[in-house]
Amino acid sequence: MRETVGGEPTAVVAADYFASYSVVGLLTLVGVLFVAVAFGAGRLLRPVVPTPEKLLTYECGVDPVGEGWAHTQVRYYVYAFLYVIFAVDSIFLFPWATVFAAPGYGATTLVEMFIFLGFLAVGLLYAYKKGVLTWT
């Protein structure tokens, strides 16, 4: 007795299943070939003229001087981290605003968002109390 799924033989169902993935595989192959051809053409067409100036390390248009180690201010990273926190906050606020407008979700989503904003406010207050936000 042959196995069937929904009245069709199992082999037909499996073939249909894998046929849908063949399109994804074909598109992936075309994408990889496109990138490989582009990089290969770039390698073949570009001029190769190494000079000592071209082999120097490039640092914002200034010739590198001194050691490779440099002291970096931590405050730049702190401000970048705070930016990321508030960027993530905005990512959560936009979908929340659309759900908040839907009927039946008003009070629940409002309380959830105030809890979320409360956590962010406590974190910002903690950073302020620690003196992280003072620019010296």
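None of the values given here were measured: they were computed from a predicted structure. The figures here come from the full heavy-atom set of this structure, side chains too, leaving out hydrogens, waters and symmetry mates.
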Next item on the list: Please check if Phe119 and Leu110 belong to a single hydrophobic cluster, counting links between Ile, Leu, Val, Met, Phe, Trp and Tyr side chain heavy atoms closer than 4.5 Å.
Entry: no

Check: Considering only heavy atoms from C-beta outward, does the side chain of Leu124 approach that of Phe86 to under 4.5 Å?
Finding: yes

Check: Between CE of Met113 and CG of Asp89, what distance do you get to the nearest 0.5 Å?
Finding: 7.0 Å

Next item on the list: Can you measure from CG (Leu29) to OG (Ser22) and round to the nearest 0.5 angstrom?
Entry: 12.0 Å

Note to self: Count I, L, V, M, F, W, Y as connected when their side-chain heavy atoms are under 4.5 Å apart, and connections chain through other members. Are Leu120 and Val88 then in the same cluster?
What the structure shows: yes

Check: Does atom OH of Tyr128 have more than 12 heavy-atom neighbours from other groups under 6.0 Å away?
Finding: no

